[in-house]
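As the structure lists them, so they are numbered: ligands from 1, and atoms in each ligand from 1.
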Amino acid sequence: MSTVVQKFGGTSVGDVEKIKKAAAKIKRAKESGSRVVTVVSAMGKSTDALVQLAQDITDSPNKREMDMLLSTGEQVTSSLMVMALKEMGIEAISFTGWQAGIRTEAVHQNARITHIDTERIEEQLNSGKVVIVAGFQGMSEDGEITTLGRGGSDTTAVALAAALKADSCSIYTDVDGVYTCDPRVAKSARKLQSISYDEMLELANLGAGVLHPRAVEFAKNYDVPLIVRSSITDEDGTIVEEEASVEQNLVVRGLAFEGAVTKITVERLPNRYDTMSNVFASLAEAGINVDIIIQQMTGENEMNVSFSIHTQALTEALQVLENKKEVLGYANIRHEDRLAKVSIVGSGMISNPGVAAEMFTVLSDQQIAVKMVSTSEIKVSAVVPEEEMVKGVEALHTAFKLDSRQAAKV
Ligand code: ADP
Ligand code: ASP
Ligand code: MG
């Protein structure tokens with residue numbers, strides 16, 4: 001008997017009618033003879049509403065208590081889903097993350113799943129029930145409730161699929177697949193039939209919110225066949241797999257972007273062996289995520305170091321550097337905010353030189369200033385002014401032949 005794991009995201013269970021529609025899909029999977037485990041997200045924007053409640057009380061809510069609070073959102077959906085299924089004559093049971101045996105690191109708000117004890121789920125599946133699991137949560141070794149980071153229900157689903165050795169993992173959402181770019185921004189974005197794990201991982205890490213990056217990481221590491229599809233229509237979705245077929249020999253498979261980027265430049269640091277490690281160890285100790293780094297010699301004994309961070313971390317980053325001013329020995333700090341990162345991704349880049357050059361030509365034709373750059377084998381990212389982000393994305397989408405109109409002509 002096959003085992004399938006499904007996941008329904010927030011919009012797809014946003015109200016009672018949608019919960020009933022999702023239940024009808026679950027019923028169909030069950031009646032086709034599979035063992036079914038379904039992961040659900042919190043209803044609609046209810047996680048945001050819970051975050052807001054906490055912020056109405058304090059500027060710095062305790063992380064443990066945030067996990068206690070946010071984990072309730074998914075529990076609401078899971079019990080309602082079971083009620084909807086029972087009304088349709090389907091036997092089902094809901095589990096919180098910890099009841100489902102999901103164990104995580106002892107980190108609040110962004111925990112990684114360490115292992116899953118599937119015994120209780122297996123028991124219920126063997127008794128013929130559909131198992132509904134509250135997404136985005138688990139329990140640490142010391143018995144504390146943890147959450148997996150925003151968007152983490154995707155990771156719950158893929159990790160369960162890996163642990164249960166499921167035949168497939170379907171992510172039901174409010175788009176009918178993975179597109180060449182966020183279809184809400186690039187109107188001419190095109191749905192992809194398939195995409196490789198590596199490309200999807202880059203896109204997810206670079207801002208494409210359609211899948212949680214750790215979910216893709218899990219799927220790649222455990223070879224889980226992952227399908228992103230619509231919770232409303234029955235259209236084929238997008239398959240995320242090891243080797244995606246190359247459509248029309250395109251070098252770039254997709255584009256991602258994210259705003260709220262800030263560039264910080266530490267000026268006139270001493271040119272010593274330990275300067276870089278001192279700067280970045282200080283930031284890491286404070287838990288500040290640094291993205292692109294540029295080092296530039298400005299004299300025989302002096303250098304500037306620039307790096308980009310999420311704008312949310314700006315105040316803390318400036319504070320850390322200020323506190324270490326004497327040890328680091330710099331002269332001055334500048335920062336530039338309201339920036340954005342625009343990235344192109346595609347496995348075809350490995351064997352095609354000149355992709356970065358083409359990207360810069362497209363941006364310069366649009367008179368968009370490039371502030372920082374980073375590359376890997378399969379991506380190029382450029383930091384640009386935030387107000388130019390959408391214009392840049394649209395121009396790149398067309399230049400790299402990703403538009404749906406262009407595809408129709410080929
Ligand atoms: P869910 O609540 O189901 O988890 P999300 O909002 O997390 O849904 O993810 C779906 C959204 O991801 C879409 O509505 C879309 O705007 C956005 N998105 C961003 N990049 C892409 C992309 N490349 N392809 C499809 N959707 C994308
Ligand atoms: N409810 C959580 C969030 O909004 C987790 C998820 O939906 O995946 O981030
Ligand atoms: Mg999501």
Side-chain angles (χ1 to χ4, degrees), residues 6-14 18 22 25 38-52 66-67 69-78 97 102 109-111 113 133-138 146-160 170-195 199-216 226-232 235 237-238 240 252-259 342-346 390 393 396-397 402 404:
Q6 313 173 318
K7 178 250 168 181
F8 288 88
T11 321
S12 310
V13 290
K18 287 184 176 158
K25 275 202 194 280
T38 305
V39 174
V40 288
S41 285
M43 292 171 70
K45 302 233 172 285
S46 60
T47 307
D48 290 338
L50 292 171
V51 170
Q52 189 57 52
M66 279 308 282
D67 278 354
L69 178 68
L70 298 193
S71 60
T72 61
E74 280 44 34
Q75 291 175 44
V76 170
T77 321
S78 61
I102 298 172
Q109 299 216 276
N110 200 19
I113 295 177
V133 179
F136 169 63
Q137 55 189 264
T146 54
T147 60
L148 311 181
R150 297 302 305 269
S153 296
D154 295 337
T155 302
T156 306
V158 180
L160 278 171
S170 294
I171 306 289
Y172 289 96
T173 183
D174 60 359
V175 269
D176 57 4
V178 177
Y179 278 66
T180 47
C181 185
D182 188 341
R184 281 191 224 186
V185 172
K187 297 290 169 238
S188 53
R190 184 162 53 81
K191 188 168 93 182
L192 297 166
Q193 259 172 11
S194 65
I195 183 164
E199 290 169 322
M200 191 64 238
L201 192 56
E202 289 279 14
L203 285 175
N205 274 319
L206 293 165
V210 63
L211 283 175
H212 194 233
R214 281 189 194 152
V216 187
L226 192 60
I227 304 160
V228 178
R229 54 172 33 148
S230 163
S231 59
I232 300 156
E235 270 183 61
T238 301
V240 188
V252 174
R253 178 96 60 181
L255 261 103
F257 53 89
E258 59 189 350
V342 175
S343 308
I344 53 174
V345 172
V390 174
V393 165
L396 290 166
H397 199 267
L402 298 176
S404 45

(message) With a 4.0 Å cut-off on heavy atoms, is Gly254 in contact with ligand 1?
(response) no
(request) Please report the closest heavy-atom contact between Asp154 and His212, naming both atoms and the distance. (result) OD2-N, 3.0 Å
(request) List the closest protein heavy-atom neighbour of atom 3 (O) of ligand 1: residue, atom name, distance to the nearest 0.1 Å. (result) Thr173 OG1, 2.7 Å
(request) Answer with yes or no whether Ser231 contacts ligand 1, where contact means a heavy atom under 4.0 Å from a ligand atom. (result) no
(request) Please say whether Thr180 places an N or O atom under 3.5 Å from an N or O atom belonging to ligand 1. (result) no
(message) What I want to know is whether Thr47 and ligand 2 share at least one N or O pair that is separated by under 3.5 angstrom.
(response) yes
(request) For ligand 2, indicate whether the residue His212 contacts it via side chain, backbone, both or neither (heavy-atom separation under 4.0 Å). (result) neither
(request) Would you check whether Lys45 reaches within less than 4.0 Å of ligand 2, judged by its heavy atoms? (result) no
(message) Does any part of the side chain of Arg150, heavy atoms only, come nearer than 4.5 Å to the side chain of Val51, both counted from C-beta?
(response) yes
(request) Report the nearest protein non-hydrogen atom to atom 27 (C) of ligand 1: residue, atom name, distance rounded to 0.1 Å. (result) Val210 CB, 3.6 Å
(message) Can you confirm whether the side chains of Thr146 and Asp67 place a donor and an acceptor under 3.5 Å from each other?
(response) no
(message) Which option wins on minimum heavy-atom distance to atom 22 (C) of ligand 1: Tyr179, Phe8, Tyr172?
(response) Tyr179
(request) Starting from atom 6 (O) of ligand 1, find the nearest protein heavy-atom neighbour and note its residue, name and distance. (result) Arg184 NH2, 4.4 Å
(request) I would like to know whether Tyr172 and Arg229 meet side chain to side chain contact (heavy atoms under 4.5 Å, CB included); could you show each step before the answer? (result) CA-CA 5 Å; Tyr172 289 96; Arg229 54 172 33 148; 3.2 Å; yes
(message) Which of the numbered atoms in ligand 2 are under 4.0 angstrom from any heavy atom belonging to Gly151?
(response) 3 (C), 5 (C), 6 (C), 8 (O), 9 (O)
(request) Can you see which heavy atom on Ala204 is nearest to which on Leu211, and at what distance? (result) CB-O, 3.5 Å
(request) Rounded to the nearest 0.5 Å, what's the gap from CG on Leu192 to OG1 on Thr238? Could you check? (result) 5.5 Å
(message) Regarding atom 5 (P) of ligand 1: of the candidates Gly209, Gly44, Gly9, which has the closest heavy atom?
(response) Gly209
(message) Between Cys181 and Leu402, is there a side-chain heavy-atom distance shorter than 4.5 Å?
(response) no
(message) Tell me the nearest of Gly10, Ser153, Ala189, Ala204 to atom 2 (O) of ligand 1, using heavy-atom distances.
(response) Gly10
(message) Below 4.0 Å, non-hydrogen atoms only: which portion of Cys181 touches ligand 1? Side chain, backbone, both or neither.
(response) backbone
(message) Could you identify the single nearest non-hydrogen protein atom to atom 3 (C) of ligand 2 and state the distance to 0.1 Å?
(response) Arg150 NE, 3.3 Å
(message) Students should be able to answer this: which protein heavy-atom is nearest to atom 7 (O) of ligand 2, and at what distance?
(response) Ser41 OG, 3.0 Å
(request) Flag Ser153 as yes when one of its N or O atoms lies below 3.5 Å from any N or O atom of ligand 2, and as no otherwise. (result) yes
(message) Using heavy atoms and a 4.0 Å limit, tell me yes or no: is Gly151 in contact with ligand 1?
(response) no
(message) If we check side chain to side chain contact (heavy atoms under 4.5 Å, CB included) with Met200, which of these qualifies: Leu226, Val210, Val345?
(response) Val210
(request) List every atom of ligand 1 that sits less than 4.0 Å from any heavy atom of Val178, numbering the atoms from 1 in the order shown and giving each element. (result) 24 (N)
(message) Quick one, Ile195 and Leu203 - any side-chain contact, counting heavy atoms below 4.5 Å?
(response) yes
(request) Measure the CG-CG distance between Asn205 and Leu201 for me, rounded to the nearest 0.5 Å. (result) 5.0 Å
(request) Grab the two heavy atoms, one from Leu255 and one from Val393, that are nearest each other, plus how far apart they are. (result) CD2-O, 3.7 Å
(message) Check whether Thr38 reaches the backbone of Lys7 with its side chain - one donor and one acceptor, N or O, closer than 3.5 Å.
(response) no
(message) What protein heavy atom lies closest to atom 25 (C) of ligand 1? Include the residue and the distance to one decimal.
(response) Gly177 O, 3.4 Å
(message) Quick check: Gly149 and ligand 2, any N/O pair under 3.5 Å apart?
(response) no
(request) For Asp174, counting its heavy atoms only, list the atoms of ligand 1 lying under 4.0 Å from any of them. (result) 10 (C), 11 (C), 13 (C), 14 (O)
(message) How close do Pro183 and Val175 get, counting heavy atoms only, and between which atoms?
(response) CG-CG1, 3.7 Å
(request) Using non-hydrogen atoms of the residue, decide whether Gly135 is closer than 4.0 angstrom to ligand 2. (result) no
(message) Contact between ligand 1 and Lys7 is defined here as a heavy atom of the residue under 4.0 Å from a ligand atom; is it met?
(response) yes
(message) Ignoring hydrogens, what is the shortest heavy-atom contact between Leu50 and Leu69? Give both atom names and the distance.
(response) O-CD2, 3.4 Å
(request) For Ala208, take its heavy atoms, then give the atoms of ligand 1 lying under 4.0 Å from any of them. (result) 20 (N)
(request) Looking only at protein heavy atoms, identify the closest one to atom 15 (C) of ligand 1 and say how far it is in Å. (result) Asp182 OD1, 3.3 Å
(request) For Lys18 and Asp174, run salt bridge (charged side-chain N to carboxylate O under 4.0 Å, His left out): C-alpha distance rounded to whole Å, both residues' side-chain angles, the deciding distance at 0.1 Å, then the answer. (result) CA-CA 11 Å; Lys18 287 184 176 158; Asp174 60 359; over 6 Å; no
